[in-house]
Colleague: 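Before anything else, here's the structure in question.
Quick caveat, the model's predicted, so the values are computed rather than measured. One-based numbering, in listed order, for ligands and for the atoms of each. This chain uses plain numbering: 1 for the first residue, then up along the sequence.
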Amino acid sequence: MSELAIIEDGGILFEDGVIIAVGPSAEVALLVREEDEVNDATGGVVTPGLVDAHTHFIFASNRASEFEMRCAGATYQEIAAAGGGILNSVAATRAATESELLEESQTHADWLRAHGTTTAEVKSGYGLSLESELKMLRVARQIKGIDVIPTFLGAHSISPEFRDNPAGYLDLILTKILPAVVAENLAEYCDIFVEDRYFRAEDARVLLTRAQELGLGVRMHVDQLANSGGATLAASLQADTADHLEHTDQAGIEALAQTWATEDSRISGTFPVLLPGSVYALGHSRYPDARAMIAAGLPVVLATDFNPGSSPSPSLQFAMSLACTQMKMSPAEALVACTANAAYSLNRGHDRGTLESGKRADIVIWDVADYREIAYWNKNSAWKVI
Ligand code: NIG
Ligand code: FE
């Protein structure tokens, strides 16, 4: 993760959205025809388009009023216990028509792209009913300007209609919502929020095993607010990713590392997906232990967790800045974490995440002279996104 392949004075030739050649400018220039369009990146830095492997950018309205409550001392958990939090966004998202939700969500996607993101995973989970979960995932399919990889997160919170009957809601997911999502081919992954007051390890086992049987990959929200052994659970379920991990201990890190303990490089283990923007925005001080994870050989992924509650930032540059300043990752590690590693965590390593011939021409030109400045300046340095 700490070794970048940097080409000084480089050039890239691409056609029909696919890279044909990468190398020193002088060599690539020999392949350029007169009619080709030229993007002049002189003085800048060129990287692969960033890959955001964990977002909730499909939502209606916002939670600025809860932000103000947290500024006055209320905690995320207290707000949720009083009926706000995720359920606040559920009410707004349910109330929006599909076209209203698309319009708001397209704006959020435009923000992601403006900050250098060309691929974003996005989760449902502000519907929590058959109709509204499908509405969110249909909106995901219509987003333009970035490539969207959809995840079904019906198990984001207990649906308000099932407040006193959480088992009934899990049953609805298993028997109605998940099968409908699969029948319409609306998601590639299934996710669940494992935390006190949300879903239990046992729920995750039942739901995610079923999702895997139906051909979906598995991502999980674990160990965000407390250590519940979520990383170990994710490893035991052969999840594709274990996300958050703020409270994961060394035993959890070792369980994740075990999933990679094979000589066969074609086999992927469970990727740790770290979301420092949510730690920051909740005003918490405990960041995931990225250094211990990297020391254990884990391919760390960085993502924004962009959502209206715990992480109102669409900027992977900001996530990289926090990774460097708060988690002591190097600028090179931070860049790899939200390009190559993020792409592999979404089963897209073969066609994006690095600049190589044959891969998608997802490219960012940054108005900085050195890649380290992408995480260093606290500003948007994306100059042109292709
Ligand atoms: O990843 N932890 C659960 N889900 C989101 C928060 C969603 C919300 O507050 O709306 C997260 O932090
Ligand atoms: Fe999240």
Colleague: In the hydrophobic clustering (ILVMFWY, side-chain contacts below 4.5 Å, transitive), which residues join Ile363, or is it alone?
Modeller: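 Under the 4.5 Å side-chain rule, Ile363 groups with Ile7, Ile12, Phe14, Ile19, Val22, Val46, Leu355, Ile365, Trp383, Ile386.
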Colleague: With salt bridge (charged side-chain N to carboxylate O under 4.0 Å, His left out) as the test, would you mind laying out the steps for Arg94 and Glu161 before giving the verdict?
Modeller: CA-CA 13 Å; Arg94 284 181 174 183; Glu161 289 74 35; 2.9 Å; yes
Colleague: Using the Fe ion (ligand 2) as the apex, give the angle to atoms NE2 (His221) and NE2 (His56), rounded to 10 degrees.
Modeller: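 Rounded to 10°, it measures 100°.
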Colleague: Enumerate, one pair per line, all nitrogen or oxygen atoms of ligand 1 lying under 3.5 Å from a protein nitrogen or oxygen, stating the separation to 0.1 Å; write 'none' if no such pair exists.
Modeller:
| from | atom 1 | to | atom 2 | distance (Å) |
| --- | --- | --- | --- | --- |
| ligand 1 | 1 (O) | His56 | NE2 | 3.4 |
| ligand 1 | 1 (O) | His221 | NE2 | 3.1 |
| ligand 1 | 1 (O) | His244 | NE2 | 2.9 |
| ligand 1 | 1 (O) | Asp305 | OD1 | 2.9 |
| ligand 1 | 1 (O) | Asp305 | OD2 | 2.9 |
| ligand 1 | 2 (N) | Gln224 | OE1 | 2.7 |
| ligand 1 | 4 (N) | His156 | NE2 | 2.8 |
| ligand 1 | 9 (O) | Arg63 | NH2 | 2.8 |
| ligand 1 | 9 (O) | Tyr76 | OH | 2.4 |
| ligand 1 | 10 (O) | Arg63 | NH1 | 2.9 |
| ligand 1 | 10 (O) | Arg63 | NH2 | 3.3 |
| ligand 1 | 10 (O) | Tyr126 | OH | 2.7 |
| ligand 1 | 12 (O) | Gln224 | NE2 | 3.3 |
| ligand 1 | 12 (O) | Asp305 | OD2 | 2.9 |
| ligand 1 | 12 (O) | Ser310 | OG | 2.5 |

Colleague: Answer yes or no for His244: is there an N/O/S atom below the 2.8 Å cut-off from the Fe ion (ligand 2)?
Modeller: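 False for His244.
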Colleague: Step through it carefully: locate the ring centre of His56, locate the ring centre of His221, and say whether they are under 6.0 Å apart.
Modeller: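 Ring centroids of His56 and His221 are less than 6.0 Å from each other.
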Colleague: What is the minimum heavy-atom distance between Met329 and Met1, and which atoms define it?
Modeller: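 Closest heavy-atom pair between Met329 and Met1: CE-CE, 4.2 Å.
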Colleague: Might you point out which heavy atoms bring Thr232 and Ala251 nearest each other, and give the distance in Å?
Modeller: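 Thr232 and Ala251 have their closest heavy atoms at OG1-O, 4.3 Å.
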Colleague: Quick one: CG on Leu153 to CD1 on Ile58, what's the gap to the nearest 0.5 Å?
Modeller: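 Between atom CG of Leu153 and atom CD1 of Ile58 there are 12.0 Å.
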Colleague: Determine, step by step, whether Val222 and Asp243 satisfy the side-chain contact (heavy atoms from CB on, under 4.5 Å) criterion, reporting the C-alpha distance in whole Å, the side-chain angles of both residues, the deciding distance to 0.1 Å, and the verdict.
Modeller: CA-CA 6 Å; Val222 288; Asp243 304 40; over 6 Å; no
Colleague: For the Fe ion (ligand 2), give me the closest N/O/S atom belonging to Asp305, just the atom name.
Modeller: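 That would be atom OD1.
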